[in-house]
Amino acid sequence: MSFRWGWSTSRAPKPEKSINKAAVWRRGEILQYNPSEIEKKWQAFWEAERSFEPSTDLSLPKKYVLSMFPYPSGRIHMGHVRNYTIGDAFARFYRQQGMNVLHPIGWDSFGMPAENAAIKHGVHPKKWTYENIDYMRKELASLGLSFSKEREFATSDPLYTKFEQGFIIDLFEKGLLYRKKAYLNWCPHDLTVLANEQVVDGCCWRCDTPIVKKEMNQYYLRITDYADELIDDLKQLERKWPNQVLAMQENWIGRSHGLEFTLAFDEHTKQLLRGEYEGFEVYTTRPDTIYGVSYTALAPEHPLVSYMIENRMLPQAAASEIEAMKNSSAIDRQKEKHGVALGIDVVHPLTGKKIPVWVANFVLMDYGSGAVMAVPAHDERDFDFATKYDLPITPVIAHPEEGIAEGRAMTEPGILFNSGAFSELMSDEAKSAIIEYFDKEGLGKKVTNYRLKDWGISRQRYWGAPIPLIHCPKCGIVAEKKENLPVTLPDDVEITGEGNPLEHHPTWKQCSCPQCGGEAERETDTMDTFVQSSWYFLRYTASAKLWEEKAFDKDELAYWMNVDHYIGGIEHAILHLLYSRFFTKALRDLGYVDADEPFERLLTQGMVLKDGAKMSKSKGNTVDPDALIEKYGADTARLFILFAAPPTQELEWNDSAVEGAFRFLRRFYERSENAYATDVIPAIDHSALSKPEKAARKKVYEALSRANDVFGERYTFNTMIAGVMEAMNALAEQKNADVWTEAYWVLSSLMEPIVPHVCWEISDRLFGGKNLASQQLKEEVFALESITLGVSVNGKNRGQIEVAPEASKAEMIEAAKAVVPNWLEGKTIVKEIVVPNKLVNLVVK
RNA sequence: GCGGACGUGGUGGAAUUGGUAGACACGCCAGACUUAGGAUCUGGUGCCGCAAGGUGUGGAGGUUCAAGUCCUCUCGUCCGCACCA
């Protein structure tokens with residue numbers, strides 16, 4: 001055993017400190033804090049007693065506490081320890097309050113690492129995944145986490161896949177899942193497409209390889225149908241979710257309002273294009289600048305551009321330049337603006353002037369219509385481009401104070417000029433006036449655009465949930481029959497990292513069409529793993545009796561939802577949390593769910609740092625949770641993590657502070673010798689106590705009132721623990737066994753959510769477990785015999801007085817004057833301020 | 001550039017509504033007990049100063065009897081988004 005702190009043979013007992021009338025144990029002789037023994041004992045007890053299964057009685061008050069489930073990567077890390085410790089504290093607290101608590105755990109077990117392991121080590125992804133789960137389950141158990149075991153599942157379990165595929169078929173039939181060809185983010189390393197949310201700084205979020213655009217067929221979930229609701233419902237989450245997350249989601253959805261209108265070609269261009277195109281649509285949020293349009297620009301992927309290239313309407317040099325633009329990476333495209341003039345013109349809808357059409361690499365095909373009207377005088381991008389290619393810059397808006405800007409783009413709102421009938425208007429008025437005019441004249445309309453795009457869920461990989469669709473040469477894309485679900489993965493695959501193993505499997509994709517019965521092929525794309533994590537919290541609400549039958553039961557769902565506390569890392573602020581919100585709403589519209597929003601309160605934990613940097617294997621600054629638990633015990637790990645910083649802040653690892661946490665627990669455990677066994681909290685006559693005894697009781701109950709505050713609203717476990725430490729310090733100043741016993745009755749209950757093993761041990765030994773329930777405040781301990789007031793002169797602290805609680809204002813002022821004579825000498829007091837229970841301030845001149 | 005969070009001792013961090021800044025802990029210093037100490041216990045510890053006292057919450061102003069807290073400006077750090085027309 002590597003635990004080496006429990007020795008005490010040489011530690012002398014302190015007889016003068018351990019006098020107490022119950023003297024059951026003597027310090028250091030009977031009690032030795034041996035966490036590994038205590039923790040094993042209670043973990044086994046909880047396991048045997050199935051202590052943490054929620055009741056199926058749906059009339060009880062409930063709390064649903066959920067820490068984000070882990071990917072089974074092999075071993076837990078400190079981020080997990082923090083995440084699950086926080087959740088466990090809530091769960092245990094609510095159980096003490098008499099709530100029916102759902103606190104489940106599961107595994108987000110599909111995904112790339114399993115396949116990478118297969119490529120690298122030749123292990124089958126299934127074997128690798130489920131072995132990891134078994135190992136990590138043990139690791140989590142060693143932390144003493146109070147999870148419900150009955151509801152545990154892995155998202156790669158066929159039963160989970162079955163229900164998920166059912167939802168996907170429903171979504172497909174409702175038109176919320178569709179297939180289209182598009183230019184996609186392609187990771188050349190992982191050989192798969194990525195959603196926009198999974199592209200970080202132009203690179204793959206997993207392997208950091210720069211992504212390229214590739215035109216492919218792919219399945220999409222119509223999340224944009226829910227864009228307005230996703231943005232509007234953020235209001236319901238204010239003050240319950242961190243502002244940062246709300247802001248990130250709002251920006252990500254990126255709603256904007258503007259004018260969409262058609263730019264028609266001039267006659268010459270129409271002829272050139274052989275009548276195929278009359279014009280193209282553009283979108284602008286700045287219709288007020290419309291008289292300043294001096295050119296327009298199309299995305300390189302714009303269909304009109306492809307048409308011109310295919311029909312050889314462009315010089316060879318221009319065509320190849322455009323092809324090069326298409327193939328350059330997102331990062332390269334951002335480096336410098338490039339353009340090619342197409343040699344064609346459109347007509348300005350208001351002035352009738354000819355405007356040249358360009359292709360520009362900064363125009364995005366998948367936003368708006370893939371084409372922009374360029375106003376270089378009032379847009380920085382357009383300005384840069386115009387400067388580079390020497391295009392005209394026509395100001396039409398004057399800055400209210402500075403007038404007409406020169407040599408830069410004036411992007412602020414202002415007063416219009418050279419703008420026909422709209423001149424003299426302010427930008428805001430002009431915007432609506434111009435939109436109204438376009439609408440009236442049938443030239444264009446007001447539209448809302450979103451930065452958010454539909455969620456591409458296809459992945460060209462093996463270790464994922466198959467998309468349950470079938471390609472039939474006669475019927476097209478058809479959903480698999482629900483009774484045939486789940487569509488499972490074949491076990492006999494060769495995983496080489498090249499291409500999709502399902503595609504290459506000799507027989508797997510052969511099937512018959514569910515509609516016509518003819519020969520057909522299965523879809524070989526599997527789903528993005530974020531699909532699984534978008535509804536796992538719903539699945540947990542299903543009790544064992546319905547487990548096989550349905551994904552979840554409406555009554556049980558209505559009872560448990562929403563998740564009351566959801567705890568996880570800020571890195572999921574967009575991806576997982578946005579998808580889950582969408583999925584909840586989509587399932588609601590399919591009639592499965594009643595909730596609009598899944599997560600009532602969100603707590604985003606900070607990262608765990610060491611030496612100022614995020615712990616990572618590559619930096620070599622990790623702390624291994626297993627080793628920590630073996631050396632100090634789970635309670636020490638849990639205590640340190642909750643004590644060292646508030647949960648939302650970053651947590652700097654500190655080995656000596658960990659030892660400090662351990663020393664506190666040892667004192668906490670060993671000093672329970674000063675309490676005696678009882679099954680009711682001792683009744684104490686407060687007025688008969690000595691001063692230190694009273695002070696100790698007061699600290700104990702202060703700690704209690706702080707705890708209620710912390711779990712209810714503030715989540716600052718660190719201050720609650722500090723309160724318990726203060727109480728322990730105050731207790732050591734007195735020897736009253738009743739006071740000690742009462743204190744342990746209260747404190748071991750308070751600390752149980754944080755350090756459960758040692759508290760169950762103390763509680764079991766002294767109180768038969770009866771104290772592990774919500775505690776009553778004793779108001780009499782807060783009654784004061786005397787009040788200490790600060791005395792300040794002109795707002796500066798100069799001394800202290802002690803007065804009786806019933807002292808009059810005048811008495812307090814007199815007493816105050818008496819302690820600060822030096823500061824009053826030769827001065828006149830002009831004002832005397834008494835703040836009850838706080839201070840007396842004397843204002844002098 | 002836009003959006004968000006945040007700046008308090010040597011360190012992590014306290015300070016519900018403006019009311020004795022630095023709780024609690026780590027570290028450090030001194031002492032006790034010890035063959036020994038990385039154990040335990042006692043005391044001390046914002047900074048300057050022998051002291052009296054001065055000074056102090058990134059910086060500069062302001063409101064107030066009183067500001068870490070409210071207001072204005074400013075500097076800095078971190079995070080997210082980023083040619084979204």
Side-chain angles (χ1 to χ4, degrees), chain A residues 4-5 7-8 10-12 14 17 27-28 200-201 242-248 250-252 254-256 258 282-286 289 297 330 333-335 337 360-364 366-369 371-375 378-382 384-385 411 449-453 570-571 573-574 607 640 643-646 648-661 663-664 666-667 706 709 713-714 716 718-726 728-729 732 788-800 822 830-844:
Chain A
R4 54 192 253 274
W5 302 100
W7 65 5
S8 61
S10 66
R11 204 185 310 137
K14 291 244 168 160
K17 276 247 162 184
R27 181 148 221 293
V200 179
D201 292 330
N243 281 336
Q244 193 186 173
V245 176
L246 297 176
M248 282 166 76
E250 191 172 342
N251 292 342
W252 188 265
R255 179 162 61 189
S256 74
V282 292
Y283 169 75
T284 179
T285 55
R286 291 295 304 272
T289 65
R333 270 174 89 151
Q334 281 182 31
K335 274 186 195 148
K337 291 188 171 47
N361 67 344
F362 69 90
V363 181
L364 308 172
D366 51 8
Y367 183 78
S369 54
V372 298
M373 66 173 215
V375 185
H378 303 294
D379 183 285
E380 277 174 31
R381 297 153 300 182
D382 299 345
D384 292 346
F385 192 83
T411 57
N449 248 316
Y450 305 90
R451 195 181 160 281
L452 180 72
K453 309 204 171 54
I570 186 79
E571 66 273 20
I574 294 172
M607 286 190 305
F640 170 75
F643 180 59
T648 54
Q649 270 178 48
E650 288 178 339
L651 172 74
E652 175 69 34
W653 198 263
N654 179 334
D655 288 326
S656 27
V658 173
E659 292 199 27
R663 286 199 297 267
F664 171 76
R666 180 168 51 193
R667 272 198 308 275
R706 233 195 268 194
D709 210 33
E713 201 62 45
R714 288 159 35 87
T716 47
N718 54 330
T719 61
M720 176 199 145
I721 295 165
V724 173
M725 289 175 170
E726 282 182 58
M728 287 300 292
N729 292 344
T788 309
L789 295 176
V791 178
S792 44
V793 179
N794 288 343
K796 279 197 199 295
N797 181 30
R798 297 301 182 193
Q800 257 184 13
N822 296 350
V830 294
K831 204 166 177 182
E832 292 150 341
I833 292 149
V834 178
V835 183
N837 296 326
K838 298 280 185 185
L839 55 71
V840 177
N841 187 19
L842 303 171
V843 185
V844 302

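All chains are named by letter (A, B, ...) in the order of the sequence lines, taking the proteins before the strands, and each is independently numbered beginning at 1.
- Base pairing of B:G9: no nucleotide in any strand meets the Watson-Crick or G-U wobble criterion (both distances under 3.5 Å).
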What do the steps show when you test A:Leu246 against A:Glu250 for side chain to side chain contact (heavy atoms under 4.5 Å, CB included), and what is the final call? CA-CA 6 Å; A:Leu246 297 176; A:Glu250 191 172 342; over 6 Å; no
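- Across all strands shown, B:A32 is found opposite B:U40 as a Watson-Crick or G-U wobble partner, with both distances under 3.5 Å.
- Between the P atoms of B:C81 and B:U8, the separation comes to 26 Å (whole Å).
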Applying side chain to side chain contact (heavy atoms under 4.5 Å, CB included) to A:Glu832 and A:Leu842, what does each step give before you reach the verdict? CA-CA 5 Å; A:Glu832 292 150 341; A:Leu842 303 171; 3.7 Å; yes
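- Here A:Val245 lies out of heavy-atom contact (under 4.0 Å) with every strand.
- B:G3 sits 43 Å from B:C48 when the C1' atoms are compared, rounded to a whole Å.
- Comparing B:G62 with B:G68, their P atoms are spaced 15 Å from each other, to the whole Å.
- Proximity note for A:Ala247 (side chain, C-beta onward) versus B:G4, B:A85, B:C81: the nearest is B:G4.
- The A:Ala644 side chain lies nearest to B:G12 when the options are B:A85, B:A5, B:G12.
- Here, B:A52 and B:G58 have their C1' atoms 31 Å apart, quoted to the whole Å.
- Side-chain atoms of A:Asn841 and A:Val835, non-hydrogen and from C-beta on, never get closer than 4.5 Å to each other.
- Judged by Watson-Crick or G-U wobble contacts below 3.5 Å, the nucleotide B:U72 has B:A60 as its partner.
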Going 5' to 3' through nucleotides 53-69 of chain B, assign each nucleotide B (protein heavy atom under 4.0 Å from a base atom), S (under 4.0 Å only from sugar-phosphate atoms) or - (no protein heavy atom that close). SS----------BS---
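- Counting heavy atoms from C-beta outward, A:Asn794 and A:Lys796 have side chains that stay 4.5 Å or more apart.
- Looking at heavy-atom distances under 4.0 Å, A:Gln800 makes contact with a base.
- Look at B:G9: its glycosidic torsion is within 90° of 0, and that puts it in the syn range.
- Base-pair partner of B:A21: not found among the strands shown (Watson-Crick or G-U wobble, both distances under 3.5 Å).
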Could you go through nucleotides 24-30 of chain B and list every protein N or O atom that sits under 3.5 Å from one of its N or O atoms, giving the distance for each pair?
residue : atom : partner  : partner atom : Å
B:A25   : OP1  : A:Asn729 : ND2          : 3.3
B:C26   : OP1  : A:Arg663 : NH2          : 3.0
B:C26   : O2'  : A:Ser656 : OG           : 3.3

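- When both pairing distances are held under 3.5 Å, B:A15 makes no Watson-Crick or G-U pair with any nucleotide shown.
- Rounded to whole Å, the separation between the P atoms of B:G80 and B:A25 comes to 35 Å.
- If you check every strand for non-hydrogen atoms under 4.0 Å, A:Thr284 touches sugar and phosphate atoms only.
- Remark: B:A66 base-pairs with no nucleotide; criterion is Watson-Crick or G-U wobble with both hydrogen-bond distances under 3.5 Å.
- For the pair A:Thr285 and A:Leu789, nearest-nucleotide mapping onto RNA chain B gives the more 5' position to A:Leu789.
- In this entry B:U45 has B:G27 as its Watson-Crick or G-U wobble partner, both defining distances falling under 3.5 Å.
- Here, B:A23 and B:A14 have their P atoms 13 Å apart, quoted to the whole Å.
- RNA chain B is contacted by both A:Asp379 and A:Thr788; A:Thr788 maps to the nucleotide lying nearer its 5′ end (nearest heavy atom per residue).
- Taking atom P on both B:C29 and B:C78, the two are 33 Å apart, rounded to the nearest angstrom.
- Separation of the C1' atoms belonging to B:C79 and B:U63 is 33 Å when rounded to the nearest angstrom.
- Considering only heavy atoms from C-beta on, A:Val375 stays 4.5 Å or farther from A:Arg286 through its side chain.
- B:C81 is paired with B:G1 under the Watson-Crick or G-U wobble criterion, all donor-acceptor distances under 3.5 Å.
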Nucleotide N/O of nucleotides 14-16 of chain B paired with protein N/O under 3.5 Å:
residue : atom : partner  : partner atom : Å
B:A14   : OP1  : A:Asn718 : ND2          : 3.3
B:A15   : OP1  : A:Arg714 : NH2          : 2.8
B:U16   : O2   : A:Asp709 : OD2          : 3.4

